[in-house]
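Reading through the structure tokens given below for one structure.
All heavy atoms count here, side chains included; hydrogens, waters and symmetry mates do not. Each residue takes its place number in the sequence, starting with 1.
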Amino acid sequence: MGNLLSSLPKTIHASLALAIIFFLGLFYGNGGFDFDTIFWSWLTRLIHVTVAIMWIGLLWYFNFVQIPNMPKIPDEQKPAIGKVIAPAALFYFRWAALLTVISGLILAYLNGYLHDAMTLGGGGKNTAIGIGMWLGLYMAFNVWFIIWPNQKRALGMVECEPDVKAKSARTAMLFSRTNTLLSLPMLLSMVAAQNLY
């Protein structure tokens, strides 16, 4: 077991295999089910929730752990964060944001509420999920078009003057905080749409 858990790829593959075994048990234990729109909606929701957990989890990691603790790290150790940890975290952060948006839009389409949600029409569930979708789209835009370009300069992945680097770091932090500010209203809207209507 130690060998399995010592390797992240092995752990992820084992987790996926375990999930497939559970799925097959549910499938055959309940007499099967059709691979119809309901199935594809469920599968898309599973993907949506999985990548959304990664996205918001990393957003909160940056804002609750990395940013507040950077001043406490000795200067000689900071390059490890800027050159190794932050770029890796930002890779998963931005791609999870994109996959969350894509899977959310597909899910809304499969369930027949994409247009009403995007236009905030129909009230109730459609308005709630629509608010969450628009907040998510805005947050994903921030990730790709404001936070990521500024982080590349702040981390030295793109050459720039020291004053531009400092300004970029502050801009990235402020927009990351903006996304943190919007994360709870976005989650509230999504959960309300699923449970209150």
Which pair of non-hydrogen atoms, one from [X] and one from [Y], has the smallest distance, and what is that distance?
X: Ser183; Y: Leu59; answer: CB-CD2, 4.1 Å
X: Lys72; Y: Pro68; answer: CE-O, 4.2 Å
X: Lys165; Y: Ala154; answer: CE-O, 2.9 Å
X: Lys125; Y: Tyr197; answer: N-CG, 3.4 Å
X: Val101; Y: Gly136; answer: CG2-O, 4.2 Å
X: Ser41; Y: Leu107; answer: O-CD1, 3.3 Å

Taking atom [atom1] of [X] as the centre, report whether more than 12 heavy atoms of other residues, nucleotides or ligands fall under 6.0 Å from it.
X: Arg177; atom1: CZ; answer: yes
X: Lys152; atom1: NZ; answer: yes
X: Phe35; atom1: CZ; answer: yes
X: Glu159; atom1: CD; answer: no

Is it possible for you to say whether [X] and [Y] belong to one hydrophobic cluster, with membership spreading through side-chain heavy-atom contacts below 4.5 Å?
X: Tyr92; Y: Ile47; answer: yes
X: Val191; Y: Trp60; answer: no
X: Phe175; Y: Phe145; answer: yes
X: Phe141; Y: Leu181; answer: no
X: Leu110; Y: Met118; answer: yes

- Query: Would Leu105 and Tyr109 satisfy side chain to side chain contact (heavy atoms under 4.5 Å, CB included), going step by step from the backbone distance to the final call?
  - Reply: CA-CA 6 Å; Leu105 292 170; Tyr109 174 77; over 6 Å; no

Do [X] and [Y] come close enough that some side-chain heavy atom pair is under 4.5 Å?
X: Met186; Y: Asn179; result: no
X: Trp148; Y: Met157; result: yes
X: Pro185; Y: Leu135; result: yes
X: Leu98; Y: Trp55; result: no
X: Glu161; Y: Val164; result: yes
X: Leu114; Y: Met133; result: yes

Spacing of [atom1] belonging to [X] relative to [atom2] belonging to [Y], to within rounding of 0.5 Å:
X: Ile67; Y: Met173; atom1: CD1; atom2: CE; result: 6.5 Å
X: Leu43; Y: Phe23; atom1: CG; atom2: CZ; result: 8.0 Å
X: Thr178; Y: Met139; atom1: OG1; atom2: CE; result: 10.0 Å
X: Gln66; Y: Leu58; atom1: CD; atom2: CG; result: 10.0 Å
X: Ile81; Y: Asn69; atom1: CD1; atom2: CG; result: 9.5 Å
X: Met54; Y: Thr100; atom1: CE; atom2: OG1; result: 10.0 Å

Side-chain donor or acceptor of [X] paired with backbone N/O of [Y] under 3.5 Å:
X: Ser15; Y: Thr11; value: no
X: Thr180; Y: Ser176; value: yes
X: Asp34; Y: Asp36; value: no
X: Ser103; Y: Leu99; value: yes
X: His13; Y: Pro9; value: yes
X: Asn150; Y: Arg153; value: no

Please find out if less than 6.0 Å separates the ring center of [X] from that of [Y].
X: Tyr61; Y: Phe93; value: no
X: Trp95; Y: Trp144; value: yes
X: Phe39; Y: Phe27; value: no

- Message: Working note: Gln194 + Arg45, criterion side chain to side chain contact (heavy atoms under 4.5 Å, CB included); need CA distance, chi angles, decisive distance, verdict.
- Response: CA-CA 12 Å; Gln194 295 304 310; Arg45 187 180 309 278; 3.5 Å; yes

- Message: With side chain to side chain contact (heavy atoms under 4.5 Å, CB included) as the criterion, how do Lys83 and Leu155 come out once you've worked through the C-alpha distance, each side chain's angles and the decisive distance to 0.1 Å?
- Response: CA-CA 7 Å; Lys83 300 291 183 199; Leu155 295 172; over 6 Å; no

